[in-house]
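Data block below; observations after.
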6 protein chains.
Amino acid sequence: MFKRMDEIAIEIPNVERPDPNAAAAIQELLGGKFGEMSTLNNYLYQSFNFRSKEKLKPFYDLVMSITAEELGHVELVSHGINKCLRGSTDYKEPDNTPLGSVKDVRLSYHFLAGAQGAMPFDSMGNPWTGANVFNSGNLVEDLLHNFFLECGARTHKMKVYEMTDHPAARAVVGYLLVRGGVHVVAYAKALEIATGVNVTKLVPIPSLSNKSFNEAWKYEEKGLHTKLYTYSDKDFTAISQIWKGTHPEDGQPLEVIQGVPEGYPIPEAPAVEEEFAPGISQEDFQEIARRLKMAGNIAD
Amino acid sequence: MFKRMDEIAIEIPNVERPDPNAAAAIQELLGGKFGEMSTLNNYLYQSFNFRSKEKLKPFYDLVMSITAEELGHVELVSHGINKCLRGSTDYKEPDNTPLGSVKDVRLSYHFLAGAQGAMPFDSMGNPWTGANVFNSGNLVEDLLHNFFLECGARTHKMKVYEMTDHPAARAVVGYLLVRGGVHVVAYAKALEIATGVNVTKLVPIPSLSNKSFNEAWKYEEKGLHTKLYTYSDKDFTAISQIWKGTHPEDGQPLEVIQGVPEGYPIPEAPAVEEEFAPGISQEDFQEIARRLKMAGNIAD
Amino acid sequence: MFKRMDEIAIEIPNVERPDPNAAAAIQELLGGKFGEMSTLNNYLYQSFNFRSKEKLKPFYDLVMSITAEELGHVELVSHGINKCLRGSTDYKEPDNTPLGSVKDVRLSYHFLAGAQGAMPFDSMGNPWTGANVFNSGNLVEDLLHNFFLECGARTHKMKVYEMTDHPAARAVVGYLLVRGGVHVVAYAKALEIATGVNVTKLVPIPSLSNKSFNEAWKYEEKGLHTKLYTYSDKDFTAISQIWKGTHPEDGQPLEVIQGVPEGYPIPEAPAVEEEFAPGISQEDFQEIARRLKMAGNIAD
Amino acid sequence: MFKRMDEIAIEIPNVERPDPNAAAAIQELLGGKFGEMSTLNNYLYQSFNFRSKEKLKPFYDLVMSITAEELGHVELVSHGINKCLRGSTDYKEPDNTPLGSVKDVRLSYHFLAGAQGAMPFDSMGNPWTGANVFNSGNLVEDLLHNFFLECGARTHKMKVYEMTDHPAARAVVGYLLVRGGVHVVAYAKALEIATGVNVTKLVPIPSLSNKSFNEAWKYEEKGLHTKLYTYSDKDFTAISQIWKGTHPEDGQPLEVIQGVPEGYPIPEAPAVEEEFAPGISQEDFQEIARRLKMAGNIAD
Amino acid sequence: MFKRMDEIAIEIPNVERPDPNAAAAIQELLGGKFGEMSTLNNYLYQSFNFRSKEKLKPFYDLVMSITAEELGHVELVSHGINKCLRGSTDYKEPDNTPLGSVKDVRLSYHFLAGAQGAMPFDSMGNPWTGANVFNSGNLVEDLLHNFFLECGARTHKMKVYEMTDHPAARAVVGYLLVRGGVHVVAYAKALEIATGVNVTKLVPIPSLSNKSFNEAWKYEEKGLHTKLYTYSDKDFTAISQIWKGTHPEDGQPLEVIQGVPEGYPIPEAPAVEEEFAPGISQEDFQEIARRLKMAGNIAD
Amino acid sequence: MFKRMDEIAIEIPNVERPDPNAAAAIQELLGGKFGEMSTLNNYLYQSFNFRSKEKLKPFYDLVMSITAEELGHVELVSHGINKCLRGSTDYKEPDNTPLGSVKDVRLSYHFLAGAQGAMPFDSMGNPWTGANVFNSGNLVEDLLHNFFLECGARTHKMKVYEMTDHPAARAVVGYLLVRGGVHVVAYAKALEIATGVNVTKLVPIPSLSNKSFNEAWKYEEKGLHTKLYTYSDKDFTAISQIWKGTHPEDGQPLEVIQGVPEGYPIPEAPAVEEEFAPGISQEDFQEIARRLKMAGNIAD
């Protein structure tokens, strides 16, 4: 089971400049083959199907806890997309073509299907699919997969970072480069412990360091790349048997932290009348407020 | 952000009788269009893209908190599948065809791709897809969708219940009928508050009551159908402005509970050597144990 | 625009023997790449996009009118599937597992998603897709495509005929072999007129005659293979400039008939309580009957 | 069975201004999840699989007759797309790159696969799929689905209307807003009669009236939103037991009309030589004309 | 079995002008329904499943040998795409947004998933699928399919040629028009021999000759359209029983050539540092060079 | 470019016992995510898009040459499927239901779409898709991917081997285990040379040796696991800089062989009249033979 918090991992800057095609690019990091939906669901299903978990508890705890962090990444990247979309259109009467400004943007779904919000599809609008989930059941093979998956995910992040300098995009992707980098190392270390082979020496793939990305570097400077959280009130503490020693890139000591990192308020999103979202008039609000305050059933 | 617990919603009975085709049927409730992956992701994305959430906080809190419960349902139904698969094969040398016993079962992916574990696909092996997520941004339309989605999900559960009497399947589906029924009513009430129209009178759809299913009835008898949890340590309490009054079917008073329901230990899953899962020999275990206990980096 | 009749092309026999896997096989003729959904939609879209239709009116009329016949074929094959499904389950209380009898059948969607009714998917449950529609806009190329498509569709019908001797399946497939055979010849003749090349000599492909299939032969004996209908009250009569001369296989004279062939009552389908279809109790019926008879709005 | 007419529902204006990206947007209303292909096929399959139709004749007649109207909508929206595409390219010799003007448009399929004609895919070029069809067999659930589907379809139309002011697009979408609005109300009334719950009060969703769209308002002014047609020469008259009383939005009396509305000539589409459509030279025409006039088989 | 050569069919010019949207258009000829992946795999699987091949050896040899040529076409069109992509971006530090220049191009996969290289998807980024493969096993039907497929493939090539005048695109497409034209005629002749019907008279479809395309004409002038290669050192010589007589368009005598045509060096592709491809620094190169020269295992 | 030989990698035994569900299982090794279509196309596209190939020639040569071997594996596994299908049906008149014997088998496509031949889909009939191809352009990442892909492919082979003891299946899968094992080691060694990290020590994954499978062991006994072929007449010889030293599992010395291994005759496949394959009567054969011997054009 999971608990939710009304908090998000970082503060995303508000920017006046809408950039729908940047939002489209970031969708690759959400619903693409190497997006957060993929990392989330790979670890989610691997955690369900984990065998011999008593004997292999540190590995099980690793997969269990990273799953929870990935949920927060799905959330974060979605809010990053939303910030890039913000302001793409202005209210006008329908006959004045208020969505005309986005007729030529790459991802029409953002405007025709949704109301300028993130959805589980990739940068071309192809939906995320369960075919992206891998779970052989073999510990070494699954760890090898996860290590590869995280390297691939990191590469995609590096490229999206390079494609747009929208501050909201950069803030989100910079942070995720660091946290994704943690997962690269975590699975490398797990694979190393499972096999005795020094795969952490392969890190980073590609060989360009996160420190070359300003928005990632600022987090590494604070040591965020050395911390693995249990994302649980009391469980999954055995990850400290894997997340130990030093970071393969800069030799900083690694640290496990019980619980979740400090969170930030989730951004408020303004109404977009030309998209009928939320489509509640001032009068409607008052009626709704009245009904919300009633003591029992509404429509008896 | 989310936190995870090393607990599951109910205890699923251990059964000696494997039933791979029952497991295949339950997959519809996991990765089908009306499966738990769909309810989870619909609410997840609706929560990300919610507009005017301050003004509409009770509705926002509802979608936020139910998302977290759905995560637990994805987990539960996956473990239900796993219990039905358990024992489908016995260990033999490869040349003795240990997987021969499942050559004719309906869902080959369970045995060839995975190691007899749940995956995000439906009863025919078609993967879950992000195309199943709906989010118009319009509050009334999204609530209407969610109400319909939960009715559809309930119908599928009723049919899977009727298709197999495997005790693990029945235990899981019976429980989910009740909790899914809570979500049917919750979205009906939300829609009622948003519009003033008494849609709760439509409940239940189909008109057969959960009480006609023994494994659901046993939970309703204890009042589980009247409780909505915040699935949060401290947030999402405004759901009590929606989840109030009485249950439309039996008139029992409704109750909001802060936090999560009591959990149960997640079932241990035995090694399946003929599937190479986890594929760790006794010697390997000893080596791994040694490396887990080392103080720092493994392969320096 | 189209008009509908409450009639179907032939009478399908009622049979006590359910055969869900035969129903699954027939689905290939409905939602498969060479199923009736494909022929329907190819001609539908070709008719929309037809260029120079005044100059090429006989070809335009051909595509327009055959589209309408294909709608009836989609209907017919669906009812054929339904007849094969009929009786697959018996009513029992949910706890007595009324759908247990179909747990092992090939196409679970018939029972879990629907209520034992035809759907637009193929024999493996893969949905029909618009990717099956071809329309180059080039007259000769589109006619060549249609000729090929009808040959492929005929081959699939021959194989389904050979796979099941269920009388409902045989009745439907036998009839469709003949009507599909008419379309093979019609497109061959159209191609011949467009190019001067004697492609009708290729017919039939495969070379086995429809007359080798008893349920098709009985229609050809009556000359059904020589008649092309306009499927319109007054339009599309120019098809007589294409459908003329003699049948390439048996030399019978061809005939165009204005309008539609004689129809038959559409089969009634009984309630299936264990599938909640239609899920209307005797009491509900009475309430509904009362509301249907009211003069104005129901819920004022 | 169905009959076809060589007529279309409205006259679409001819416009000199091509707009391929507007055409792409309209594709969402054709082959999208909430496009006309979806409404058509949902009702088509529900009509095939309808159970207890004698007892529930008015509901059956409703689904049967609306199906036929939807066929005309698929036709209309396709012609709307074609009008927006018209003039996108000009003839030049191949070496002079006649399709160069559309190299950067969003939907390459219109130009590379087809010859500038509508196809069953959505605004991103993803093909329509049979997975969009829902049919539980349960009357109330299917009606609820249809009501929701029509609300979703209406929302998409509103957004496409807002995205382009191309006169052909506006004409088609304005008309469809009104007719789709009729179906919203029709299914709401059917649901109300089936359950006694006043769901028509939910209309319209989103709450913005069709009257706020000039091209829809002009039809509502003439009362088009109050008329439901049987789309049949003589069948489906029992819809008058559902389509009765007054319109929930403006209180106008509702009316059932036997047959189809008056139609208009289907637009002629000019040859597009640079797409090889229809690819018939003047000489070819003469040869074809000669062969069309021959008395019997062409290539004996 | 197959052998590979380090050679490609033609020299593709190097061009300074990048054109990512032209590259996207050419993808239709690679991974589209009528792309080279489709022709390749249709013949590959038909060759595996060929029945009675001793009796039908010339037909078998035809399918076997054309398969091998198609492999070279997949290669050629991929390199054509790569040449159009070349130079789309310039190296800058990540924070300087080196991929910003391609944020708005149509096919984001070229830049986010890959490193500016061809992939098996079509012009909209939809992946090639095995559903594009047809193999009925019936000789005449398969030949008819192949003839139609090659005509459709030719039409797509003609349109891509017309869409971009990028010299690399034109060079590749011009050559493929000629070679694809050879396959059109080859299957027409095979069909003619199998049935006695003069289908070669249908050629060319569309009726515009390859000679109207400068980059194709230059090859036809040299007679390339009259030559069919065995693409084998010693097998498949029986194709000369099919590829004989004269070309249906210009009456030139046809010729079978044992072996493969003369090849050209495969273009070198420069590193693209901003895509981390190949991501090997000068130091890395030296280390790698050292390890490549070591006598035995590297990491003992 | 590629050349083809009329030879196959091994002799597959003829077996009287048909096993359609074993054939379905083997399809996973052909068109599944980890099937031969995936290995083939991954290396094919990586070879097209390889950057800095002069500097990295041994790696380029490795990918180039393995691609060619994979083509032979696609061929081999297809013939293995065909052998398992052989004899599934017997000839009868269509009215005697000759395909009735396979109505209940898992993969209907083998019988309805094809004529009992292999197709590019997986064990559930889902088509292979280009989405299975990975090519980041980064050398280390692509090698890591390939190493993982081969491990995954090997695991699937191990499971299919365990699922059926059909001699044709065992012969093919046993051989492919060995050759796939060679590719596992080849990519491990390449990765080792590229990075200096001893990843070959991870081999084998899963840890069960090929020597535990009789049909693989018999090939390893002969040293087949130590040989890497260039699959070229004269190119790709630089693979000897990677394929050197000893095998990580048994320490045997590794060897590069110029060219291809010795081949075997491709199995003849008998006509299946009830599938209309090839559908050529004795009379047809004589006519065809006559036309094949004619000197020039057939249908002048």
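Order of the sequence lines fixes the chain letters, A, B, ..., with proteins taken first and strands second; residue numbering starts at 1 for each chain.
- Residue B:P248 does not touch chain A at all, counting heavy-atom pairs closer than 4.5 Å.
- Contact of B:Y229 with chain A is not made at all, since no heavy-atom distance falls under 4.5 Å.
- Residue B:A9 touches chain A through both its backbone and its side chain, counting heavy-atom pairs closer than 4.5 Å.
- Salt bridge A:D235/B:R4: absent, no basic N to carboxylate O contact under 4.0 Å.
- In this structure, CD1 in B:I193 is found 5.0 Å from CG in A:L292, a value given to the nearest 0.5 Å.
- With rounding to the nearest 0.5 angstrom, the CZ atom of A:R51 is 7.0 Å from the CG atom of B:N82.
- When heavy atoms are compared at a cutoff of 4.5 Å, A:P58 approaches chain B solely by way of its side chain, counted from C-beta outward.
- Nearest heavy-atom pair, B:G137 versus A:A115, reported as atom, atom and distance to 0.1 Å: CA-CB, 4.0 Å.
- Of the two parts of A:A118, the backbone and the side chain both hold a non-hydrogen atom closer than 4.5 Å to a non-hydrogen atom of chain B.
- At a 4.5 Å heavy-atom cutoff, the contact between B:L71 and chain A is made by backbone and side-chain atoms alike.
- Within the model, atoms CD of A:E69 and CE of B:M1 stand 9.5 Å from one another, a figure rounded to the nearest 0.5 Å.
- For the atom pair B:D6 CG and A:K234 NZ, the distance stands at 8.0 Å (nearest 0.5 Å).
- Among A:N198, A:T200, A:T246, the one residue that satisfies the side-chain hydrogen bond (donor to acceptor under 3.5 Å, both in side chains) test with B:N297 is A:T246.
- Using a 4.5 Å cut-off between heavy atoms, A:E54 contacts chain B through both its backbone and its side chain.
- Only the side chain of A:F285 has a heavy atom closer than 4.5 Å to any heavy atom of chain B.
- Using a 4.5 Å heavy-atom cutoff, the side chains of A:L139 and B:D284 are not in contact.
- At a 4.5 Å heavy-atom cutoff, A:P253 makes no contact with chain B through either its backbone or its side chain.
- Side-chain atoms of A:M5 and B:M64, non-hydrogen and from C-beta on, never get closer than 4.5 Å to each other.
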Apply side chain to side chain contact (heavy atoms under 4.5 Å, CB included) to residues A:F2 and B:V260 and explain how you reach the verdict.
CA-CA 8 Å; A:F2 292 80; B:V260 298; over 6 Å; no

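- Nearest approach of B:F48 to A:S78, heavy atoms of both residues: CD1-OG, 3.3 Å.
- In this structure, A:P278 and B:N138 have side chains that are not in contact, with every pair of non-hydrogen atoms separated by 4.5 Å or more.
- Side chain of B:Q241 to backbone of A:K293: no donor-acceptor contact under 3.5 angstrom is found.
- When heavy atoms are compared at a cutoff of 4.5 Å, B:Y109 does not approach chain A at all.
- Counting only heavy atoms from C-beta outward, the side chains of A:N49 and B:Q116 never approach each other to under 4.5 Å.
- Both the backbone and the side chain of A:I266 come within contact range of chain B, with heavy atoms under 4.5 Å apart.
- Contact of B:T195 with chain A is made through the backbone alone, with heavy-atom distances under 4.5 Å.
- In this structure, no portion of B:L143 lies under 4.5 Å from any heavy atom of chain A.
- For A:T230, no part lies under 4.5 angstrom from a heavy atom of chain B.
- Neither the backbone nor the side chain of A:L112 comes within less than 4.5 Å of any heavy atom of chain B.
- Remark: A:K3 NZ to B:F236 CZ distance equals 12.0 Å, nearest 0.5 Å.
- Counting only heavy atoms from C-beta outward, the side chains of B:I288 and A:F59 approach each other to under 4.5 Å.
- Annotation: side chain of B:Q282 is in contact with side chain of A:K55 (closest heavy-atom distance under 4.5 Å).
- Of the two parts of B:E7, the backbone and the side chain both hold a non-hydrogen atom closer than 4.5 Å to a non-hydrogen atom of chain A.
- Residues A:V74 and B:Y45 meet the side-chain proximity criterion, which asks for heavy atoms closer than 4.5 Å.
- For the residue pair B:A131 and A:P127, the shortest heavy atom distance occurs at N-CB, 3.5 Å.
- Taken to the nearest 0.5 Å, the CZ atom of A:F134 stands 8.5 Å off from the CE atom of B:M119.
- The shortest heavy-atom contact between B:K244 and A:R291 is NZ-O, 2.8 Å.
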Give the intermediate values and the outcome of side chain to side chain contact (heavy atoms under 4.5 Å, CB included) for residues B:E75 and A:L44.
CA-CA 8 Å; B:E75 180 183 55; A:L44 190 65; over 6 Å; no

